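Here the structure comes first, spelled out in structure tokens, and everything after it is commentary.
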2 protein chains.
Amino acid sequence: MKISTKTKYGLRAAIYLAEKGKEQGFHSIKQIAKSENISPDYLEKIISKMEKAGMLKSQKGAKGGYSLARPAKRIKLGEVVNALEGDNYFVQCLSGKGKVCAQCKKCAAQNFWQKFQEKLDSFLDSVSLEDIIKNKF
Amino acid sequence: MKISTKTKYGLRAAIYLAEKGKEQGFHSIKQIAKSENISPDYLEKIISKMEKAGMLKSQKGAKGGYSLARPAKRIKLGEVVNALEGDNYFVQCLSGKGKVCAQCKKCAAQNFWQKFQEKLDSFLDSVSLEDIIKNKF
DNA sequence: ATAAATCCGACAATAATTGTCGGTTTTATT
DNA sequence: AATAAAACCGACAATTATTGTCGGATTTAT
């Protein structure tokens with residue numbers, strides 16, 4: 001139960017883009033990776049996921065790169081985490097994809113983990129990228 | 001960022017013991033493992049951790065086993081999770097043991113992850129084993 | 001004495017994460 | 001038109017963490 005480095009990297013990249021926000025234009029993987037001291041090849045995969053999830057937009061070719069798809073205020077942390085950790089990232093037993101635990105019916109724990117997940121989600125959805133770069137949340 | 005099966009197993013074992021609470025006496029790994037359909041050898045390691053953390057007590061020898069060290073009402077979920085996932089399980093960058101990220105000083109994300117951790121902790125500490133078996137929390 | 005249990009550490013198997021690489025496509029610039 | 005810089009993509013390798021197994025030592029009720 002840890003924050004994966006993937007998610008940490010992803011958030012740092014998003015913060016980078018949010019901070020550069022005013023300077024219109026795109027920022028390349030290379031730039032971000034250098035600034036954040038992350039392997040460019042790995043970062044590319046991470047950023048690609050975020051782009052597919054719709055929170056970043058990209059520009060191919062020379063002078064291309066990435067930028068936020070929306071103002072930082074309208075990108076919630078929940079979106080970042082969901083994009084990188086996957087939906088229902090926490091309570092696997094509930095996700096349709098995984099195997100449902102054989103004990104599920106009589107599992108008193110299940111209800112609890114679900115509530116736990118809801119708490120997390122509601123917190124993550126209450127914080128925006130803007131909140132983070134302005135350090136108020 | 002998942003609940004490890006270790007923690008799930010640990011919670012289920014704790015719930016088992018909480019439910020058996022009235023029937024005084026000790027419950028063996030074998031019993032718990034069979035009831036919860038967990039490998040006894042693995043469960044032993046998990047339960048041993050919880051015992052060392054002080055939430056379970058043990059009785060060696062024949063007719064021995066484990067029981068809650070306190071009434072279920074006074075065992076909070078935070079205790080279970082901390083015992084099994086380790087302190088500061090979530091925000092690694094803060095734990096003294098791990099390597100501190102080279103970017104830590106200028107890392108706007110850090111403050112956020114810390115707040116996140118605090119949210120989790122306060123929720124986990126607000127729920128007791130009793131709440132869980134009575135399904136009210 | 002015996003059997004049932006905790007206790008303990010080493011190790012093996014598996015799975016997940018993290019990271020690398022080579023190539024393809026797109027596009028601004030020269 | 002050529003070039004260089006960048007996103008895009010999938011396969012794979014390396015590393016780490018989790019999960020699970022085992023054999024023995026110790027304790028204790030019967």
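Chain A is the first sequence line, chain B the second, and so forth, proteins listed ahead of strands; every chain is numbered from 1. Computed from a predicted structure; not experimentally measured.
Ring pair Y42(A)/Y9(A) is perpendicular by interplanar angle, where above 60° counts as perpendicular and below 30° as parallel. Between Y16(A) and H27(A), the ring planes are perpendicular. Angles over 60° get that label, and only those under 30° would be called parallel.
One can place NZ of K30(B) at 13 Å from P of dA3(C), the figure rounded to the nearest angstrom. In this structure, L43(B) places its CG atom 13 Å from C1' of dT6(C), rounding to the nearest Å. Here dT27(D) presents its C1' atom at 9 Å from CD of Q59(B), a figure rounded to the nearest Å. As a whole-Å value, the separation of I32(A) CD1 from dA6(D) C1' is 12 Å. For the pair Y42(A) OH and dG19(C) P, the computed distance is 6 Å after rounding to whole Å. dT27(C) atom P lies 11 Å from atom CZ of F26(A), rounded to whole Å. Rounded to whole Å, the distance from CG on D41(B) to P on dT6(C) is 11 Å. At whole-Å resolution of the value, CG in L84(A) and P in dT17(C) are 12 Å apart.
Among dC8(C), dT26(D), dT20(C), the nucleotide with an atom closest to any side-chain atom of S39(A) is dT20(C). Distance from the side chain of T5(A) is smallest to dT18(C) among dT18(C), dC8(D), dA5(D). Side-chain proximity of S58(A) to dT30(D), dA17(D), dC8(D): nearest is dC8(D). Nearest nucleotide to the S28(B) side chain, out of dA7(D), dT29(C), dA5(C): dA5(C). The K52(B) side chain lies nearest to dC8(C) when the options are dT6(C), dA4(D), dC8(C). Nearest nucleotide to the side chain of K60(A), out of dA7(D), dT27(D), dA4(C): dA7(D). Closest to the side chain of K45(A), from the set dT21(D), dA7(D), dT20(C), is dT20(C).
Summarising the local packing, NZ of K119(A) is surrounded by 12 or fewer heavy atoms from other residues, nucleotides or ligands at distances under 6.0 Å.
Two different hydrophobic clusters hold I15(B) and F26(B) under the rule that ILVMFWY side chains link at heavy-atom gaps under 4.5 Å.
In terms of phosphate contacts, Y9(B) brings no side-chain nitrogen or oxygen within less than 4.0 Å of OP1 or OP2 of dT18(D). Listed pair K8(B) / dT19(D) fails the phosphate criterion, with no side-chain N or O lying under 4.0 Å from OP1 or OP2.
With the nearest nucleotide of DNA chain D identified for both G64(A) and S48(A), G64(A) has the one nearer the 5' end.
Across all strands shown, I47(B) has no heavy atoms under 4.0 Å from either base or sugar-phosphate atoms.
No donor-acceptor distance shorter than 3.5 angstrom exists from the side chain of D125(A) to the backbone of S122(A), with no hydrogens or angles considered.
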